[in-house]
Protein chains: 2
Amino acid sequence: MLTDTLKYRKSRQREKILEILRNTKCHPTADTIYLEMKDEFPDLSLGNVYRNLNILVETNMIKRLDFGSTFNRYDGNCETHSHFICEKCGEVSDLEINENFNPEDFIKNSNGKKVKNFTLEFSGICENCR
Amino acid sequence: MLTDTLKYRKSRQREKILEILRNTKCHPTADTIYLEMKDEFPDLSLGNVYRNLNILVETNMIKRLDFGSTFNRYDGNCETHSHFICEKCGEVSDLEINENFNPEDFIKNSNGKKVKNFTLEFSGICENCR
DNA sequence: TTCTATGCAAAAAGTTTGCAGTTAA
DNA sequence: TTAACTGCAAACTTTTTGCATAGAA
């Protein structure tokens, strides 16, 4: 857990952020997380949410996603999975893909690049917007 | 070409942006494009580069890419291909994938979502940083 | 002539950072 | 006791926008 890392101490705020991200399937923005925490932490600052999100990304507890140009979203599920973004409402959801799927098999020529990770993202119209 | 669209008139600046994006394999940021155009258009403003990039994205002449959290990059190649981002130097390059590759085949359950597009991105260490 | 394109500058939106006080270990 | 964590506010970066003028059709 967080306490495994030497550099960082425990913080109630950071644990709450992780809990929120672990317990939701949608992929909230920093601001959404901030608003969700305000009840429990009335003095919380948005800057601190960003600071902790960066620490969680750095320690591989969460992933930063990049959808569209507007703002970042965060994901508490670090296992390989894909995302689907609705072109109408902008909602981001998970999409399960087969475990045996390895996109590296489809690379024509890696030209000496060492591939370590991949992300696969889909877009279209979600079930609510059809 | 651009003149096909009804709404927009021809603009030397916009054509230059398109030319730059068509003639490079790296995926420049708005600011990089702006700097590259400064010689030919000394009065050019960065705001106008952004305006034209948005028009080009809207008319499907180029694609907006989203790597990392810092800023957007643009791509003049609208055919299906993948990108590779180096975790060390941050450079973004193209990666060819097989034509018959269709990631939709690997979706477990689309839950009523209508998938229209996908993007596949790889990361790792590039040939120069190994 | 009409309406889009432009440069400029200001504003907006998202994110980071410096500081002084607080808190975990 | 030490160094990380915090709120606050200011700063920073990227992108958008309002306005008056220039330019394409």
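Just so it is clear: chains get the letters A, B, ... in the order the sequence lines come, proteins before strands, and each one is counted from 1. Since we're looking at a predicted model, the values are computed, not measured.
Per the geometry, OH belonging to Y8(A) stands 7 Å off P belonging to dC5(D), to the nearest Å. Nucleotide dG7(C) holds its P atom 12 Å from the CZ atom of R14(B), rounded to whole Å. Between Y34(A) atom OH and dT16(C) atom C1' the separation is 16 Å, expressed in whole Å. As rounded to whole Å, 20 Å separates atom P of dA20(C) from atom CG of D43(A). We find that CG of N52(A) is positioned 14 Å from C1' of dT16(C), with the value rounded to whole Å. One can place CD1 of I17(A) at 12 Å from C1' of dC5(D), the figure rounded to the nearest angstrom. Between the CZ atom of R64(A) and the P atom of dG14(C) there is a distance of 15 Å, given to the nearest Å. Protein atom CG of L46(A) is 14 Å distant from nucleotide atom P of dA13(C), rounded to whole Å.
In this structure, the side chain to side chain contact (heavy atoms under 4.5 Å, CB included) partners of E40(B), at least two apart in sequence or on a different chain, are R12(B), K16(B). Partners of E58(B) according to the side chain to side chain contact (heavy atoms under 4.5 Å, CB included) rule, which considers only residues two or more places apart in sequence or in another chain, are K7(B), Y8(B). With sequence neighbours left out, the side chain to side chain contact (heavy atoms under 4.5 Å, CB included) criterion links D31(A) to T29(A), Y34(A), L35(A), L46(A).
Closest approach to the L44(A) side chain among dG7(D), dA5(C), dT15(C) is made by dG7(D) (side chain taken as heavy atoms from C-beta onward). Minimum atom distance to the side chain of I55(A) is reached by dC5(D), of the listed dG7(C), dT6(D), dC5(D).
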Below 3.5 Å is the cut-off: list the nitrogen or oxygen pairs between protein and nucleotides 17-19 of chain C, distance only.
| from | atom 1 | to | atom 2 | distance (Å) |
| --- | --- | --- | --- | --- |
| dG18(C) | O6 | R51(A) | NH1 | 3.3 |

Please produce a list of atom pairs where a protein N or O lies less than 3.5 Å from an N or O of nucleotides 21-24 of chain C.
| from | atom 1 | to | atom 2 | distance (Å) |
| --- | --- | --- | --- | --- |
| dA24(C) | N3 | R9(A) | NH1 | 2.9 |

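Distance check: E15(A) CD to K10(A) NZ gives 5.5 Å after rounding to the nearest 0.5 Å. Atom CD of Q13(A) sits about 13.5 Å away from atom CD1 of I33(A), to the nearest 0.5 Å. The distance from atom CZ of F118(A) to atom CZ of F84(B), rounded to the nearest 0.5 Å, is 14.0 Å.
Heavy-atom minimum distance, A30(B) versus V49(B): O-CG1, 3.8 Å. Looking at every heavy atom in both residues, V57(B) comes nearest to R64(B) through CG1-NH2, 3.9 Å.
S93(A) is listed as a side-chain neighbour of K113(B), based on a closest heavy-atom distance under 4.5 Å. Looking at heavy atoms from C-beta onward, P103(B) lies out of side-chain contact with L120(B) at the 4.5 angstrom threshold.
Cluster membership check: I125(B) does not share its hydrophobic cluster with V115(A), using side-chain heavy-atom separations under 4.5 Å among Ile, Leu, Val, Met, Phe, Trp and Tyr.
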Test side chain to side chain contact (heavy atoms under 4.5 Å, CB included) on E104(A) and F122(B) and set out the steps. CA-CA 9 Å; E104(A) 280 190 60; F122(B) 297 90; 4.2 Å; yes
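From one end of the helix from dT1(C)-dA25(D) to dA25(C)-dT1(D) to the other, with five pairs defining each end axis, the axis direction shifts by 40° (rounded to 10°).
Checking the phosphate oxygens (OP1, OP2) of dT16(D), a side-chain nitrogen or oxygen of N54(B) falls inside 4.0 Å. Under 4.0 angstrom from either OP1 or OP2 of dC5(D) there lies no side-chain N or O belonging to Q13(A).
If you check every strand for non-hydrogen atoms under 4.0 Å, D31(A) touches nothing.
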